[in-house]
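The structure appears below as structure tokens.
Chain identifiers are assigned alphabetically (A, B, ...) following the order of the sequence lines, protein sequences preceding nucleic acid strands; residue numbering begins at 1 within each chain.
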Amino acid sequence: MTVGRIYLTTPIYYVNAAPHVGHAYTTVNADAIARWHRLMGDEVMFLTGTDHHGLKIQRAAEAAGESPQVWSDRNSQAFEDANVLLNISNDDFIRTSEPRHYESVAWLLQRVKDNGFIRKGTYEGLYCVGCEAYYEPSDLIEVNGEPNCCPIHKRPVEFVVEDNYFFELSAFEDKLLAWLDANPDAVTPVSKRNEVLGFIKSGLRDFSISRSSISWGIPLPWDPEHVTYVWFDALTNYATAVGLGRDQERFDHWWPTVHHMVGKDILRFHCVYWPAMLMAAGLLPPQQINVHGFLLIGGEKLSKTGFAQIYPQDLADEFGVDAVRYHLLREVPLGADGEFSHEGVVARYNSDLANNYGNLVARTATVVEKKCGGVGPAPRADSPLAAVAAEVLADVSAAWLEPLPAKALEATWRLIRETNAYLEQNAPWKADPGPEVDAVMGDALEALRIVTVLTAPAMPTICQDVWERLGLPGQVLDQRVPAAAMWGGYPGGLTVTKGTPLFPRK
RNA sequence: GGCGGCGUAGCUCAGCUGGUUAGAGCAUUCGGCUCAUAAUCGAAAGGUCGGCGGUUCGAGCCCGCCCGCCGCUACCA
């Protein structure tokens, strides 16, 4: 299966907090998928970025005595730094405070309004002056016998009526259901798709898209007294980056090949609001939205266990960037929540990386050195490993496209295990140098070559290292699957280098 | 309350439209090997497939009830 062209996104991260493993989880998964598609020869655009608007940012900036622009841009840099650290291959990095985004948001809003899906209305709510925010009655608490108090400021909220513009989400129930019905894979995994369906079927209500009480945001084109409130601002970033309203040709090139990678907390906005907004503008909804769960530490959501936060830099210092990437991709499959622990990282690092992959490279190189004069022989066309490799390639390819990186890596490791067993069975270290030993070692080298191609999206740097140890020229990332992962690609006659352990045991 | 999902070896999980002795990885035990990062290979052990009842020639997979756990139930980024 070839996709041909794909536009991948991560959410834009709110610059209110520093990047942690949760962000890394989403971003690394999206990155590996993007790299897999490049390996397939697909034309790929991969976007990530940061969300700069909203009251929290405005407040935090004020508290710091800075403009929201300066404050948010500085915090945004931390996310760019994290991307560099984690070897993220994004083609663009968007900030919602950029002029291009203001242009695209204004264009989209005007278009939706012209199509008749934005109306003026009044937003009535319980407003806390201290928070400058509205609350739902269920959020309020009782303080000293006084009901309806703000949970933060512990004082009564006020009933306020504010002029707002509303997006007529209610007009899109049928269209959204029809879209999901016609595109069973539009939302993955199925459990999340069901949630979306349930939500839509329960009835959709229009939502407010503007605020006149906030100044840090994008003004509405037809009423500059209001700034855009959340949805049209944040979600539109995906369209901004490919030129919505500014470069029609470019936009048409990439839309709607877009695949969004999002956490389950923002599922509804991406699977209901966003498609409806696009439809309202006469545009097509996203091709796919991949919803993942949360990393848990001791059963608790990462972001809520403040003291227990783990930062990518610390993990990278201890295990190396590629090992961290591998772990994030392999340990918790996309979809459900999963436990993240230091012990878990160590265990998987030792078993998968040090004992299996790293050690296979080491033992193979040593035997080639001792029995083949350090020159890697060519594999046999009819090697028993050839059939395994073919199955693995098929499984791995399918898994990356689901997309389930964890499943893809698990399938890849099968070839590593089979190769270790193959070496055991043939025990080339016992035999005298000759055609038999050459054949076995050629097979092992070929299996390693294939494993390394298939693993490159997950661990680009280590795999390039292995690529060179095998004596192969060029860049592993320049290889193209499936051709480059088919049996028989190792030419033989190349100098094999052992080198130091790729993954020293912990 | 409503809607949805989950509960399978010590741990993390696979098990498509029901069909011979229920699978994988890790962990454990035993044995082999010694090329390798005390890595690796083989074998074994380990499960009343949450419980009860039903449909069926036959159910982990279908139906009903029960127990336990979780998610969503909107303008919070």
Heavy atoms only, 4.0 Å cut-off, all strands: where does A:Arg348 land among base, sugar-phosphate and nothing? nothing
Does any part of the side chain of A:Arg119, heavy atoms only, come nearer than 4.5 Å to the side chain of A:Asp206, both counted from C-beta? yes
So if I take every side-chain heavy atom of A:Asn359 and compare against B:rC76, B:rC75, B:rU37, which nucleotide ends up nearest? B:rU37
So if I take every side-chain heavy atom of A:Lys498 and compare against B:rA77, B:rA36, B:rC41, which nucleotide ends up nearest? B:rA36
Does A:Asn350 place a side-chain N or O at less than 4.0 Å from the phosphate oxygens OP1/OP2 of B:rU37? no
Scan side-chain atoms only and decide if A:His101 and A:Asp233 contain a donor-acceptor pair under the 3.5 Å cut-off. yes
Take A:Leu328 and A:Val21, measure what side chain to side chain contact (heavy atoms under 4.5 Å, CB included) needs, and give me the verdict at the end. CA-CA 9 Å; A:Leu328 291 172; A:Val21 207; 3.7 Å; yes
Between A:Phe503 and A:Arg330, whichever has its closest RNA chain B nucleotide further toward 5' is A:Arg330
OP1 or OP2 of B:rG5 less than 4.0 angstrom from a side-chain nitrogen or oxygen of A:Lys192, does that happen here? no
Nearest-angstrom distance, P atom, B:rG68 to B:rU28: 36 Å
Partner lookup for B:rC69, please. Criteria are Watson-Crick or G-U wobble with both distances under 3.5 angstrom; report none if nothing qualifies. B:rG5
Assign A:Gly54 to base, sugar-phosphate, or nothing according to its heavy-atom contacts below 4.0 angstrom with the strands shown. nothing
Residues A:Glu446 and A:Arg449 bridged, charged N to O under 4.0 Å: yes
Between A:Trp429 and B:rC35, do the rings stack, that is, sit under 5.5 Å apart with planes less than 30° off each other? yes
Please work out if A:Leu502 contacts a base, only the sugar-phosphate, or nothing of the nucleic acid, heavy-atom cut-off 4.0 Å. base
Between B:rU12 (P) and A:Leu295 (CG): distance, integer Å: 16 Å
Counting distance alone, no hydrogens or angles: does the base of B:rG5 have a donor or acceptor under 3.5 Å from a partner atom on the side chain of A:Glu195? no
What interatomic distance, in whole Å, is found between C1' of B:rU8 and the corresponding atom of B:rA24? 13 Å
Could you measure between the two C1' atoms, the one in B:rC69 and the one in B:rC62, and give it in whole Å? 24 Å
By the 4.0 Å heavy-atom rule, please label A:Asp51 as base, sugar-phosphate, or nothing. sugar-phosphate
Distance between the C1' atoms of B:rG42 and B:rG47, in whole angstroms? 23 Å
Nucleotide nearest A:Ala421 when distance is taken to its side chain, options B:rA36, B:rG4, B:rG42: B:rG42
Is the closest side-chain heavy-atom distance between A:Ser210 and A:Phe232 below 4.5 Å? no
If you measure from the P atom in B:rU21 to the same atom in B:rG25, how many Å do you get, rounded? 22 Å
Would you check if there is a donor-acceptor pair between the side chains of A:Gln69 and A:Asp73 at a distance under 3.5 Å? yes
Between B:rG64 and B:rU56, how far apart are the two C1' atoms, rounded to whole Å? 16 Å
Given B:rC33, B:rU37, B:rC41, the nucleotide with the shortest approach to the side chain of A:Pro501: B:rU37
Look at the side-chain N and O atoms of A:Arg268 and state whether any lies under 4.0 Å from the OP1 or OP2 oxygen of B:rC72. no
Please report the distance separating the C1' of B:rC57 from the corresponding atom of B:rC30, rounded so that it comes out in whole Å. 42 Å
With a non-hydrogen cut-off below 4.0 angstrom, is A:Asn356 in contact with a base, only sugar-phosphate, or nothing? sugar-phosphate
Please report, rounded to the nearest Å, how far the P atom of B:rA36 is from the CE atom of A:Met441. 12 Å
Mind calculating the distance between NZ (A:Lys407) and P (B:rU12) to the nearest angstrom? 20 Å
Base, sugar-phosphate, or nothing for A:Tyr14, non-hydrogen atoms under 4.0 angstrom? sugar-phosphate
For a quick check of understanding: with a heavy-atom distance under 4.0 Å over all strands, which category does A:Lys201 fall into, base, sugar-phosphate or nothing? nothing
Identity of whatever pairs with B:rA44 - Watson-Crick or G-U, under 3.5 angstrom: B:rU28
Quick one about A:Tyr13 and A:Thr27 (side-chain donor to acceptor, distance below 3.5 Å, no hydrogens or angles considered), yes or no? yes
Indicate, with a heavy-atom threshold strictly under 4.0 Å, whether A:Phe166 touches base, sugar-phosphate, or nothing. nothing
Contact class for A:Thr366 (heavy atom, under 4.0 Å): base, sugar-phosphate, or nothing? sugar-phosphate
Does A:Gln77 CD have over 12 foreign heavy atoms under 6.0 Å away? yes
Would you say a side-chain N or O of A:Asn16 is under 4.0 Å from OP1 or OP2 of B:rA77? no
Which value, in whole Å, describes the distance between the P atoms of nucleotides B:rA44 and B:rU37? 30 Å
Classify the nucleic acid contact of A:Ile57 as base, sugar-phosphate or nothing, counting any heavy atom under 4.0 Å across all strands shown. nothing
If you compare every side-chain N and O of A:Tyr422 against the phosphate oxygens of B:rU40 (OP1, OP2), does one of them come in below 4.0 Å? no
A:Asn194, nearest nucleotide to its side chain (from B:rA36, B:rA77, B:rG4): B:rG4
In whole Å, what is the span from the CH2 atom of A:Trp274 to the P atom of B:rC75? 21 Å
When A:Lys264 and A:Tyr229 are each assigned the nearest nucleotide of RNA chain B, the 5'-most assignment goes to A:Lys264
Mind checking who B:rG18 pairs with, Watson-Crick or G-U wobble, both distances under 3.5 Å? none
Closest to the A:Arg363 side chain, choosing from B:rA77, B:rC75, B:rC35: B:rC35
Select base, sugar-phosphate, or nothing to describe what A:Gly499 touches, counting heavy atoms under 4.0 Å on all strands. nothing
Does B:rG58 have a Watson-Crick or wobble mate here (both distances under 3.5 Å), and if so which one? none
Using atom types as modelled and distance alone, determine if a side-chain donor or acceptor of A:Asp443 lies under 3.5 Å from a backbone N or O of A:Pro379. no
Could you state the atom-to-atom distance from NE2 of A:His292 to P of B:rG71 in whole Å? 16 Å
